[in-house]
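Note that this is a predicted model, so its numbers are computed, not measured.
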Amino acid sequence: MTAHVPQGSPGIEQMCRLARVSRPGYYRHWRQSAPRQEETGLRDVIQRLALANRHYGHRRIGALLGREGWQVNHKRVLRVMGAENIVHHP
């Protein structure tokens, strides 16, 4: 597992040294932040789809997410919609 660093940029070791962060500490933080970033992206997409399709429930929103390349089950869609107060009742 290695983060991609563009050519010409300082390497991970040099950045860690400058920031006085251990290399394992950097990777631990990187692994922990990735799921939060994905959840934020999913929440944003669900909000956009729900606003564009105001009468769609979690099943239809889930189908739209699948068409956009997201692999999420209906329970996760329902949980995110509930947390964001965008649950639509029939």
- prompt: Going through the checks in order, is the side chain to side chain contact (heavy atoms under 4.5 Å, CB included) test met by R76 and L42?
  reply: CA-CA 10 Å; R76 186 172 179 197; L42 176 62; 3.5 Å; yes

- request: Kindly determine whether E39 and R79 satisfy salt bridge (Lys or Arg N to Asp or Glu O under 4.0 Å), including the steps that lead there.
  value: CA-CA 11 Å; E39 190 74 14; R79 179 180 51 78; 3.3 Å; yes

- prompt: Would E84 and R48 count as a salt bridge (Lys or Arg N to Asp or Glu O under 4.0 Å) if you check the C-alpha gap in whole Å, the side-chain angles of each, and the deciding distance to 0.1 Å?
  reply: CA-CA 12 Å; E84 296 300 313; R48 177 178 50 80; over 6 Å; no

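Side-chain contact between L65 and E68 is absent, with no heavy-atom pair separated by less than 4.5 Å. The shortest side-chain heavy-atom distance between I12 and Y27 falls under the 4.5 Å cut-off. Between R60 and L49 there is no side-chain heavy-atom pair separated by less than 4.5 Å.
When every heavy atom of C16 is checked against every heavy atom of S22, the shortest pair comes out as SG-O, 4.1 Å. Contact detail for V77 and H58: the closest heavy-atom pair is CG1-O, 3.6 Å. V21 approaches Y26 most closely through the heavy-atom pair CG1-N, 3.9 Å. Across every non-hydrogen atom of A50 and I86, the tightest pair is CB-CD1, 4.1 Å.
One finds the CD1 atom of I61 at 11.5 Å from the CG atom of L78 (value rounded to the nearest 0.5 Å).
Without hydrogens or angle criteria, N53 side chain to Y56 main chain gives no donor-acceptor distance under 3.5 Å.
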